[in-house]
Each structure stands twice: as structure tokens, then as C-alpha cells.
Amino acid sequence: MFNNDFIFGVSTASYQIEGSVDVDGRVKSIWDTFCENKNNILDGSDGKMVCDSYLKYREDVKALAELGVSSYRFSISWCRVIDEDNKPNLRGIKYYQNLCRELLDYNIKPCVTIYHWDMPEWISKLGGFLNDEIVDYFEYYTDVITKALSGLVNDFITINEPQCILHMGHDACAFAPGIKYTKKEMLKAIHNLLKCHGIAVKTIRKNIKDSTVGFAPCSRPMIPSDRNNIELEKKCYLKYFECKNEPEYANRVSIYSDPVFLGDYPKSYYEEFKGLIPNITKEDLELISQPIDYIYQNIYSGNYYSLDKNNNLVKNDFYFGFPEGNIDWLQVVPESLYYGPKYLYERYKKPIIISENGFCNNDVISLDGNVHDSERSDYIKRYLIELEMVSKIVDVRGYYVWSLFDNFEWSSGLKKRFGLIYIDYRNGDRIKKDSFYEYKNIIKNKGVL
Ligand code: GBH
């Protein structure tokens with residue numbers, strides 16, 4: 001059992017669920033543009049309709065109440081809140097106020113992500129995170145939305161998965177805006193993104209009484225294949241926080257989290273990227289490392305490691321037929337929710353909240369009209385067991401399932417389903433899957449163990 005105030009929640013993000021892209025003065029986002037090129041999305045779909053949550057939010061909140069979550073994590077669409085003259089758009093703002101009021105009526109605490117990837121196209125055209133002025137735009141946007149939500153929301157996450165924004169959006173280019181950066185540009189964009197985080201923390205503190213603030217990177221922990229081998233675990237820990245000039249450099253943990261929690265980039269950053277590093281001032285680092293309350297982390301999977309005969313760390317291949325979800329990176333590695341929090345706590349010493357964890361399945365409506373997704377329930381239970389185990393030794397405060405319902409899975413489109421609630425995209429019908437009831441039960445029992 002988790003303790004009484006452990007947070008059980010679910011997560012969503014604006015572009016993935018809201019639909020209604022052309023209403024109430026919403027401006028175009030980089031994802032609207034990215035989806036116009038059908039080759040960018042696995043099934044050629046987009047976020048125009050999806051779950052229609054912009055119109056159906058009352059129904060969604062009822063489902064959340066039935067599920068029994070104490071917190072709902074969702075993101076604000078910058079495109080609804082700020083217009084192209086960089087002025088507040090009251091109609092868009094009202095939607096989020098209404099949503100929060102509805103949640104509070106049911107005793108569900110809103111947990112608000114300020115930025116979950118849907119940048120206004122016009123800001124992207126000015127250079128996005130590469131433009132130094134992004135920090136001012138981000139400050140203004142955060143100021144407007146936090147003033148509007150003051151009295152309704154206490155808990156904020158500044159930015160979701162900075163790695164995906166930069167690595168996927170500007171290196172692998174599989175995500176919007178799909179504009180390739182040179183390494184030098186990338187390091188500057190990372191620095192500007194971190195400054196956006198810092199200025200958002202300051203702004204939230206200024207506008208919200210009794211706020212909690214966090215930052216939500218993602219990671220894929222290195223798991224010792226032998227859990228009793230201390231030396232192996234130590235090497236896995238070091239690998240997890242490694243900062244190296246290698247193909248996946250913009251995806252790593254320490255390059256984002258060291259500046260936020262420890263006040264500077266890792267030492268190796270300055271060695272590895274010599275000659276490519278942007279201008280970094282003491283003031284920048286102070287801004288970036290404003291004290292925050294939680295380490296949020298999105299964790300879905302991991303990799304096993306062992307030591308070879310020379311005691312070097314080696315990554316193990318998954319055996320043929322290894323359990324996995326219906327998306328290529330989603331191997332079922334429950335120990336990720338043990339070692340991820342453990343490593344993060346050891347290094348940064350702040351309470352941990354898992355802001356996303358969930359499973360992607362080929363769900364179908366069965367003959368009986370229900371959706372029987374036992375694999376998803378099994379995944380959630382296995383991962384929660386590990387999280388509960390680690391909560392005995394590190395300070396873990398919460399867990400959010402990704403996601404409340406099936407939604408627009410970015411470049412995988414509508415083909416990939418992560419929801420506890422099934423969406424029938426022909427008519428928008430919602431069907432609570434078996435995992436919805438399983439998770440409801442877990443919440444009622446305060447855990448699996
Ligand atoms: C999260 O991203 C997002 O926050 C959320 O919006 C999304 O819908 C959800 O999870 C499900 O995908 O580097 O080889 O692992 C998930 C993180 C980022 C994991 C990109 C896979 C690329 C392949 N994903 N990453 S790999």
C-alpha cells in the first residue's frame with residue numbers, strides 16, 4: 001500500500017485530446033502545420049477532432065471522478081491563450097478556467113503542464129527555442145495563464161519532455177516542427193529552453209499562492225540485470241547520468257536536470273562539447289536552478305545491463321518475443337520504476353512523481369461491446385509494484401497513467417492507443433476499457449501490494 005496522500009492520477013496533453021482547433025480564436029500550432037504533410041504521420045491523421053475534449057470536458061471530468069483519481073494532469077495550449085499579437089485571448093483562457101472549476105467541483109486537483117509541445121506557429125517562425133526572445137514570450141504566456149488560474153490551480157509543471165521537443169523536433173526530426181539544428185544550435189536551444197523553465201518557475205511563484213512546481217523530462221533507465229550486484233548498479237547509475245557527444249546526446253538526463261537541480265551542466269558537458277557551447281552566464285544558471293518542489297519524470301521502459309568479463313558495462317539484447325507494447329520503444333521493463341526514481345533521488349534529492357507511465361495496445365471492441373485490455377492492466381500493476389518497492393527507500397509522491405483516453409499519438413497518429421478509455425473515432429464514442437476498472441480498483445486499494 002502507498003500512504004494516504006499518495007497521488008494517483010492520469011495525464012493528457014492539449015493537442016492530443018482537445019480537437020476544436022479552429023474555434024475561439026485559437027492560433028495555429030506547429031503540430032497543425034506538421035500534420036498537413038501526411039507523410040509525417042503514420043496514418044495521415046491529425047488533432048482536428050481526436051477526443052473532442054474541448055467540447056466534452058464535463059463528460060471527461062465525470063469519468064475522472066468515477067475513476068477516483070485525486071489529480072488530473074493536462075496541458076495548456078499556448079495557441080488558445082495568446083493570440084498572434086502576443087495578447088491574451090480571453091475565450092481560450094476561459095476554457096481552462098471552466099475545466100479547473102469542473103475538476104474542483106469533483107474534488108480533483110488540476111496539475112497543469114504549461115508547455116507540452118504545441119508551440120504557436122508564429123513563435124516557431126521567429127526561431128522557436130533558438131531565438132533568445134523565446135524566454136520573454138514564455139514568461140509572458142506563463143504570466144497570463146497563471147494569473148488566470150490563480151485560486152484554481154496550485155500544481156504546475158513547466159515543460160514536458162524537453163528531450164522530445166529538441167531531440168525529436170530538431171535532430172531526429174520525427175516531431176514538429178521537424179527543423180534540423182546543428183549541434184551548436186542545439187546546445188543553444190537547450191539552454192534557452194532551460195531559461196524558459198526558470199522564468200516560468202519565477203512567474204508561477206509570483207502569481208500562485210502555495211504553488212508546487214516541477215519539470216518533467218523523460219528517461220529510459222539502465223537496469224542492472226543482477227539486482228544484487230552493487231558494482232553493476234553503480235555503473236548503470238553513472239551511465240544513466242552520462243553526458244556525451246554521441247548521437248543521442250540531446251536525449252540524456254543530466255544535460256537537462258543537472259542545471260535545474262544542481263545549478264550547472266555536468267562537468268563532462270564542458271569537455272564533450274568544447275567549441276560548441278553557447279554563452280552561459282552566472283545569472284542564467286541562477287535563473288535555471290530556481291528551487292522547485294518535485295522531480296517529475298515520464299518513464300515507460302528501460303534496458304537491462306550486465307558486466308562483461310573485464311567488468312565493463314554492456315547492454316543486453318531483449319530476447320526474441322520479449323513482452324512489449326504496440327510501439328517499437330515500449331518494452332515491458334517494470335524495474336524502470338524502481339531504478340529511475342532511485343537514481344534520480346540519489347542525485348537530486350527531491351521528491352519524485354511519475355508524471356507519465358502507460359501502455360500502447362492494439363485495442364479492439366469485443367463482441368460483447370467491451371474492450372478487454374488485460375496487457376495494459378498487467379503493465380500498470382507490474383510497474384506499480386516496483387514503484388511501491390522503491391517508495392520504501394526514496395521519497396515517491398505520485399503516479400500518473402498515460403493516458404485517460406486514446407488520443408493523437410504524435411507521429412504515430414491515431415493508430416496507437418494508450419488510453420484507459422477507448423475512443424471510437426467514427427463517432428467519438430467513449431468506452432471504458434477493463435484497465436479503467438482495474439486502475440480504479442488499484443486507487444481504491446492504494447496500490448497493488
Ligand atoms: C510521452 O512521450 C509524451 O509525453 C506523450 O505526449 C506521449 O503521448 C506518450 O509519452 C506516449 O508516447 O528514444 O528509442 O525510446 C513518450 C516518450 C519519446 C518515447 C520518444 C520514445 C523515441 C524512441 N517517447 N521516444 S526512443
Side-chain angles (χ1 to χ4, degrees), residues 9-18 29-31 34 41-42 45-47 50-51 53 73-77 111-119 157-176 178 214-223 240 246-253 255-256 296-303 315 317-318 324-333 336-337 340 353-361 363 376 379-380 383 399-421 423:
V10 284
S11 285
T12 62
S14 48
Y15 188 72
Q16 295 180 273
I17 66 159
E18 288 175 355
S29 88
I30 53 174
W31 275 94
F34 196 68
I41 313 296
L42 190 58
S45 61
D46 55 44
V50 283
C51 316
S53 203
R73 174 182 175 231
F74 61 94
S75 79
I76 307 283
S77 169
C111 173
V112 164
T113 310
I114 304 278
Y115 186 66
H116 196 129
W117 309 357
D118 48 349
M119 182 180 281
I157 294 173
T158 56
I159 297 178
N160 181 70
E161 297 194 1
Q163 294 103 322
C164 281
I165 296 166
L166 296 169
H167 173 73
M168 297 298 281
H170 297 283
D171 190 23
C173 292
F175 285 2
F215 180 51
C218 53
S219 63
R220 197 180 165 99
M222 286 69 189
I223 314 297
Y240 182 65
E246 59 180 22
E248 292 278 308
Y249 71 99
N251 220 348
R252 305 311 297 270
V253 176
I255 203 168
Y256 300 91
Y296 286 96
Q297 195 83 184
N298 298 351
I299 298 181
Y300 289 82
S301 189
N303 288 94
K315 188 172 170 175
D317 290 334
F318 290 106
E324 60 180 22
N326 174 34
I327 197 162
D328 55 5
W329 48 268
L330 192 47
Q331 291 73 32
V332 180
V333 181
S336 310
L337 279 201
I353 296 179
I354 300 302
S355 32
E356 286 180 28
N357 173 250
F359 192 69
C360 181
N361 221 3
D363 299 308
R376 180 170 291 106
Y379 175 101
I380 291 171
Y383 277 68
Y399 170 88
Y400 291 80
V401 169
W402 182 272
S403 179
L404 175 60
F405 25 48
D406 297 335
N407 57 49
F408 180 72
E409 180 48 33
W410 308 114
S411 53
S412 300
L414 299 177
K415 252 185 136 79
K416 306 290 182 181
R417 297 176 179 272
F418 272 91
L420 299 176
I421 299 176
I423 305 279

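Everything numeric in this text was worked out from a predicted model, so none of it was measured. Each ligand, and each atom within it, is numbered from 1 in the order the structure gives. This chain uses plain numbering: 1 for the first residue, then up along the sequence.
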message: For W410 and W31, take the angle between the two ring planes, folded into 0 to 90°, and tell me which bin it lands in: parallel under 30, tilted 30 to 60, perpendicular over 60.
response: tilted

Tabulating one pair per line, provide the atom names and distances (0.1 Å) for every N/O atom of ligand 1 that is less than 3.5 Å from a protein N/O atom.
| unit_1 | atom_1 | unit_2 | atom_2 | d |
| --- | --- | --- | --- | --- |
| ligand 1 | 2 (O) | E161 | OE1 | 3.0 |
| ligand 1 | 2 (O) | E161 | OE2 | 3.2 |
| ligand 1 | 4 (O) | H116 | NE2 | 3.3 |
| ligand 1 | 4 (O) | N160 | ND2 | 2.9 |
| ligand 1 | 4 (O) | E161 | OE2 | 3.4 |
| ligand 1 | 4 (O) | E356 | OE1 | 3.0 |
| ligand 1 | 4 (O) | E356 | OE2 | 2.9 |
| ligand 1 | 6 (O) | Q16 | OE1 | 2.8 |
| ligand 1 | 6 (O) | H116 | NE2 | 2.9 |
| ligand 1 | 6 (O) | W410 | NE1 | 2.8 |
| ligand 1 | 8 (O) | Q16 | NE2 | 2.8 |
| ligand 1 | 8 (O) | W402 | NE1 | 3.3 |
| ligand 1 | 8 (O) | E409 | OE1 | 2.6 |
| ligand 1 | 10 (O) | Y300 | OH | 2.9 |
| ligand 1 | 10 (O) | E356 | OE1 | 3.0 |
| ligand 1 | 12 (O) | E409 | OE2 | 2.6 |

query: When you measure from the side chain of S355 to the backbone N and O of Y296, does any donor-acceptor pair fall under 3.5 Å?
result: no

query: In terms of ring plane angle, is the pair F418 and Y300 parallel, tilted or perpendicular, where the classes change at 30° and 60°?
result: perpendicular

- request: Using the side-chain hydrogen bond (donor to acceptor under 3.5 Å, both in side chains) rule, take T113 and N160 through it: C-alpha gap first, then chi angles, then the decisive distance, then the call.
  value: CA-CA 7 Å; T113 310; N160 181 70; 5.8 Å; no

field: Distance-only side-chain donor-acceptor flag, T12 / S403, under 3.5 Å
entry: no

- request: Could you label the plane-to-plane angle of the Y15 and F408 rings as parallel, tilted or perpendicular, counting under 30° as parallel and over 60° as perpendicular?
  value: perpendicular

